K.L.:
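The structure follows.
Naming: A, B, ... by sequence-line order, numbering from 1 per chain. Computed from a predicted model, the values in this text were never measured in an experiment. Hydrogens, waters and symmetry mates are skipped; everything else that's a heavy atom, side chains included, is used.
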There are 2 protein chains.
Amino acid sequence: MVKQRRSQIDSSKRRQILPKEIRRKQLIRATMGRIAEVGLSQVTLSAVTQKAGLSQGIANLHFDSKDNLLVETLKFVTDEYNLGLQQILSGTGYLSAQAKLQALVQFQFSRSVTEETKMAVWFAFYGEAKSRPTYQSICADSDRRAALGMKTLMTAVSEELGHDIDTAFVTDGYIALIDGLWLSLLLSPRKLSRVKAKQVVFQYLKGVFPLWSDVR
Amino acid sequence: MVKQRRSQIDSSKRRQILPKEIRRKQLIRATMGRIAEVGLSQVTLSAVTQKAGLSQGIANLHFDSKDNLLVETLKFVTDEYNLGLQQILSGTGYLSAQAKLQALVQFQFSRSVTEETKMAVWFAFYGEAKSRPTYQSICADSDRRAALGMKTLMTAVSEELGHDIDTAFVTDGYIALIDGLWLSLLLSPRKLSRVKAKQVVFQYLKGVFPLWSDVR
DNA sequence: GCCCAGAATGAATATCTATTCATTGCGAAC
DNA sequence: GTTCGCAATGAATAGATATTCATTCTGGGC
């Protein structure tokens, strides 16, 4: 009997040692994928590690517990989103507040943000947040930061256009609208495309800012 | 030793035989409660039956499987909502389309609809819907019916006010706004009250229907 | 080429939980 | 009051699945 020799073809089976950070990201991505595939309540470590092409015990090795892996997955998604958001909100290269707000809309409905697996993760955790303090605080934290920056932006737009309106309501409405559209995008992408979603948002903005005009 | 005699005080422990329908509703309510308390992914039959004050095996007796109990719970919540919704949409006692739309808003943010446990159930299943065909179809069915009726109503309002606008966008925006506000209501009721949520909706309606005026 | 720290593995374990079913006892019918 | 069908019980079972850990193997250092 010939002893099995590992070839290049078989390289997927070859054990490899990689930096902790690479492995963590690899597992987080696999977790996101599984959440999108089977739902948060059906995710098992064995399914995750299998998807990552790694062994059973590795999730506990790098994350200590399943619960922690899930928390880190949520953090990963929210952190990435917040980073992009803050980049726009604190950006200084825009010609006007209106232009900045338009960029924000483009970002919020960009392919990267509305990627199916990310939406799935987002709402999976929202669905559990009420009853899980850890998720709750991660989401709330993210939301609070976002709301603050958006309020400032809305006020800037309002002033720029010479309006005199309650931007608190406008902001609450804007945020709710985005969340609702994301949910539609997740549940029935057939019915509502990203393009259509953006049109709905601009319709909202034209409504609350009568003098709004799309900048180039 | 005196043989334990069941007293009135002890009546909670007394075995009782009740109609199937009563038991089913009792279990569904307990399930809703547990979902709100611990999240869909952490709901166990033993926690549910305990909350219902019944024995371990009763859920399987009346629902065959845990999965089925969950499905029936989702159906219960959506059916109740749809009933109220259709009652308004097909109602004929309103003075105008505007008045009907106002009634709709009142309904959608009524205490009964926005009850914490119901919102929790709603979003718990939304979070899983993507990956579970059964949930998906229940939610999609409910959504489709709602969307159709609302589109008609929006068109009626638009005509009533003599506007010439694309009511498809208005409807999509309206639905998304409601969903987003519900999510806020669930996740941070401190920040957004039901009253404030309604004000946000009316602000939206004033925006898209320039001639809108609150009736009475 | 050899060594070895520690990354990775995966079989074994412990725990948790849905489901079953033999037994109990309620309450409607007579 | 007695009987009896079947609702209800809850202990036992079976099946998952998170976690552990003894063992294997990699790749950098010498």
K.L.:
Would you mind reading off the distance between B:Gln42 atom CD and C:dC16 atom P, rounded to a whole angstrom?
P.N.:
12 Å
K.L.:
Measuring from the side chain of B:Ile58 (C-beta onward, heavy atoms only), which nucleotide among C:dT9, C:dT19, D:dT9 has the closest atom?
P.N.:
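Closest nucleotide to the B:Ile58 side chain: D:dT9.
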K.L.:
How long is the gap from CG on A:Leu183 to CG on B:Asp143, to the nearest 0.5 Å?
P.N.:
8.0 Å
K.L.:
How close or far is atom C1' of C:dG10 from atom CZ of A:Arg15, stated in whole angstroms?
P.N.:
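Rounded to the whole Å, the gap is 10 Å.
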K.L.:
How are the rings of B:Trp122 and B:Tyr81 set relative to one another: parallel (under 30°), tilted (30 to 60°) or perpendicular (over 60°)?
P.N.:
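The arrangement is perpendicular - the two ring planes meet at more than 60°.
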K.L.:
Could you check which of D:dT17, C:dT19, D:dT19 has an atom nearest any side-chain atom of A:Thr44?
P.N.:
D:dT17
K.L.:
Does A:Arg23 make a side-chain N or O approach to OP1 or OP2 of C:dA7 shorter than 4.0 Å?
P.N.:
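For A:Arg23, the contact criterion (side-chain N or O under 4.0 Å from OP1 or OP2 of C:dA7) is not met.
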K.L.:
In terms of the angle between their ring planes, are A:Trp182 and A:Phe109 parallel, tilted or perpendicular, with boundaries placed at 30° and 60°?
P.N.:
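The rings of A:Trp182 and A:Phe109 sit tilted, inter-plane angle from 30° to 60°.
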K.L.:
Taking the nucleotide of DNA chain C with the closest heavy atom to each, which residue, A:Gln56 or A:Ile17, is nearer the 5' end?
P.N.:
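On the 5' side of the pair lies A:Ile17.
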K.L.:
So, taking the atom named OH in B:Tyr135 and the one named NZ in B:Lys130, what distance separates them when rounded to the nearest 0.5 Å?
P.N.:
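It comes to 15.5 Å.
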K.L.:
Nearest of D:dG27, C:dT9, D:dT9 to any side-chain atom of A:Ser55?
P.N.:
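Nucleotide nearest to A:Ser55's side chain: C:dT9.
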K.L.:
OP1 or OP2 of D:dA8 less than 4.0 angstrom from a side-chain nitrogen or oxygen of B:His62, does that happen here?
P.N.:
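For D:dA8, OP1/OP2 do have a side-chain N/O of B:His62 under 4.0 Å.
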K.L.:
Give the rounded distance in Å between these two atoms: CG of B:Asp67 and C1' of C:dT19.
P.N.:
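Going from CG in B:Asp67 over to C1' in C:dT19 covers 13 Å.
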K.L.:
How long is the line joining CG of A:Asn60 and C1' of C:dG10, in whole Å?
P.N.:
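Whole-Å distance recorded here is 13 Å.
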K.L.:
In whole Å, I'd like the distance from the CG atom of A:Asp64 to the P atom of D:dT19.
P.N.:
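Rounded to the whole Å, the gap is 9 Å.
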K.L.:
To the nearest angstrom, how far is A:Leu61 atom CG from D:dA22 atom P?
P.N.:
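Atom-to-atom, A:Leu61 to D:dA22, this comes out as 15 Å.
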K.L.:
If we count only N and O atoms by modelled type, under 3.5 Å, do the side chains of B:Glu128 and A:Ser41 hold a donor and an acceptor together?
P.N.:
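A:Ser41 and B:Glu128 do have a side-chain donor-acceptor pair below 3.5 Å.
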K.L.:
In whole angstrom, give the distance that lies between atom NZ of B:Lys66 and atom C1' of C:dC16.
P.N.:
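It works out to 11 Å between those atoms.
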K.L.:
Mind calculating the distance between CZ (B:Phe63) and C1' (C:dT20) to the nearest angstrom?
P.N.:
18 Å
